[in-house]
Peer 1: 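I have a structure here, written as structure tokens, and I will follow up with some questions on it.
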Protein chains: 2
Amino acid sequence: MTPRRRIETMEKNRAKLIAAARRAFAEKGFSTASMDELTADAGLTRGALYHNFGDKKGLLAAVVAQVDEEMALRAQELAATAPNDWESLLAEGSAYIEMALDPEIRRIVLLDGPAFLGDPSQWPSQNACLETTKQTVGRLIANGIMKPVDDEAAARLLNGAALNAALWVAASDDPGTVLPRAIEAFRIMAAGFLAKEQPRCNAPV
Amino acid sequence: MTPRRRIETMEKNRAKLIAAARRAFAEKGFSTASMDELTADAGLTRGALYHNFGDKKGLLAAVVAQVDEEMALRAQELAATAPNDWESLLAEGSAYIEMALDPEIRRIVLLDGPAFLGDPSQWPSQNACLETTKQTVGRLIANGIMKPVDDEAAARLLNGAALNAALWVAASDDPGTVLPRAIEAFRIMAAGFLAKEQPRCNAPV
DNA sequence: GAGTTGACATGCAATCCGTATGTCAGTTAT
DNA sequence: ATAACTGACATACGGATTGCATGTCAACTC
């Protein structure tokens with residue numbers, strides 16, 4: 001009758017567990033979040049959890065992969081509105097800074113993720129954020145807009161700077177005034193990668 | 001007879017606990033490190049630990065403060081050998097990249113520290129690393145070598161870029177060949193902060 | 001329609017953190 | 001010098017959590 005009923009409910013349960021985990025990890029943090037509370041909140045038990053994700057860290061990896069995917073998508077959207085490729089790169093960086101102000105992203109992806117899953121560069125979900133900026137950098141180098149540097153190193157530096165700056169902004173007393181200063185400094189620093197001196201007076205945002 | 005015997009042994013015990021914690025946290029990670037094993041390795045028990053540091057996180061804070069102090073010291077040493085202030089700043093950044101290759105520093109200060117103590121900018125041990133680069137940046141701006149950007153933002157971006165790049169280098173398959181590329185890219189990007197010749201925009205003395 | 005698979009629930013063992021209580025060396029006062 | 005006291009540290013206990021092993025029942029196959 002309903003030959004696909006099995007995997008449908010399974011995927012639904014996986015989604016429910018991941019959704020509950022996002023809330024719990026964002027609020028309590030990964031280490032203090034309880035698997036019992038988590039699964040009960042999703043209407044299930046730890047049995048489902050270990051069957052689907054094998055491990056507490058496995059669940060974190062699944063959550064991180066989902067959030068990371070969303071971040072990359074949002075960054076690409078904002079980058080697409082930029083007038084040229086260089087502004088697109090800057091828009092990506094600014095997007096990461098702003099996204100890191102979201103407590104959920106900050107705690108799960110930027111703090112607990114690296115601490116419990118190791119460095120993002122070797123995550124199972126080869127993090128999509130970095131991949132998009134790396135591609136943008138590659139295009140800019142090919143077009144002669146950026147100096148011929150290692151594309152992965154450049155992407156790493158830009159992302160690291162942006163995300164770390166965002167942690168600072170988020171922890172500051174007055175994020176509203178600190179954020180624009182961080183973004184401005186980011187744009188200035190990133191200009192070091194530009195191939196030739198553009199004689200433009202860039203007005204601070 | 002020996003009126004100071006009390007506090008002497010106490011400081012010795014504190015040092016022994018911190019030393020044992022450094023080893024345990026570096027090897028097992030903060031969350032999986034056992035307080036029982038830790039204290040036994042130091043020849044003490046959990047009683048001494050809670051009496052001295054109040055909390056497991058208190059012990060982590062003490063360890064982080066010690067390592068952070070050492071990092072700032074080493075960065076200043078390397079920066080002092082540079083021919084001028086600008087090269088001094090670049091030397092600091094390179095120093096952070098290289099120091100982050102040390103597994104102990106990587107795990108304790110860069111991964112577990114932010115995850116369990118929150119953002120470094122609000123650590124009890126107001127992290128010394130950032131303070132030194134901030135001062136260097138302030139000097140460079142005052143001398144007109146760097147563009148007049150927010151000094152804290154610039155220091156944050158430079159440190160974040162360096163430390164995050166270091167995580168990437170450490171996780172790579174061949175750190176020996178990746179490290180110089182990371183350092184080169186860092187120097188190029190940091191040059192974005194240089195004032196250079198831009199007479200039309202702003203003319204600092 | 002009976003057998004089989006597997007997704008999920010449940011009970012159990014091990015472990016760990018934090019605190020409350022106990023103990024004794026070291027210090028001070030008389 | 002001896003008695004009292006302070007406090008640094010050890011020990012015992014309770015609460016909580018993770019991971020596994022076993023049990024169960026719906027869903028799929030033949």
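Here is the naming used below: chain letters follow the sequence lines, and residue numbers restart at 1 for every chain. Computed from a prediction, not measured in an experiment: that's the story for all the values here.
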Peer 1: Does OP1 or OP2 of C/dC8 have a side-chain N or O of A/Asn52 closer than 4.0 Å?
Peer 2: yes
Peer 1: Would you say A/Asn84's side chain and A/Trp86's backbone share a donor-acceptor pair under 3.5 angstrom?
Peer 2: yes
Peer 1: Applying salt bridge (Lys or Arg N to Asp or Glu O under 4.0 Å), can you list everything that pairs with A/Glu69, at least two apart in sequence or on another chain?
Peer 2: none
Peer 1: Base, sugar-phosphate, or nothing: which does A/Leu44 touch, judged by heavy atoms less than 4.0 Å apart?
Peer 2: sugar-phosphate
Peer 1: What is the distance, to the nearest angstrom, from the CG atom on B/Leu59 to the P atom on C/dG18?
Peer 2: 11 Å
Peer 1: Does a side-chain N or O of A/His51 approach OP1 or OP2 of C/dA7 to a distance below 4.0 Å, or not?
Peer 2: yes
Peer 1: Cation over ring, B/Lys56 on B/Phe116, under 6.0 Å and within 45°?
Peer 2: no
Peer 1: Would you call B/Tyr96 and B/Thr133 a side-chain contact if the rule is heavy atoms closer than 4.5 Å?
Peer 2: yes
Peer 1: For B/Phe53, what residues pass the ring pair (Phe, Tyr, Trp, His ring centres under 6.0 Å) criterion, not counting sequence neighbours?
Peer 2: none
Peer 1: Please report the distance, rounded to the nearest Å, between NZ in B/Lys12 and P in D/dA8.
Peer 2: 17 Å
Peer 1: How many whole angstroms separate atom CE of A/Met10 from atom C1' of D/dA26?
Peer 2: 15 Å
Peer 1: Spell out protein contact along nucleotides 11-23 of chain D as letters: B when the base is contacted, S when just the sugar-phosphate is, - when no protein heavy atom is under 4.0 Å; keep the 5' to 3' order.
Peer 2: BB----SBBB---
Peer 1: What is the distance, rounded to the nearest whole Å, between atom CG of B/Leu49 and atom P of D/dA10?
Peer 2: 10 Å
Peer 1: To the nearest angstrom, how far is B/Lys16 atom NZ from D/dA8 atom P?
Peer 2: 16 Å
Peer 1: Quick one: is D/dC9 close enough that its OP1 or OP2 comes under 4.0 Å of any side-chain N or O from B/Asn13?
Peer 2: yes
Peer 1: Would A/Arg156 and A/Asp119 satisfy salt bridge (Lys or Arg N to Asp or Glu O under 4.0 Å), going step by step from the backbone distance to the final call?
Peer 2: CA-CA 12 Å; A/Arg156 223 354 134 131; A/Asp119 185 73; 3.5 Å; yes
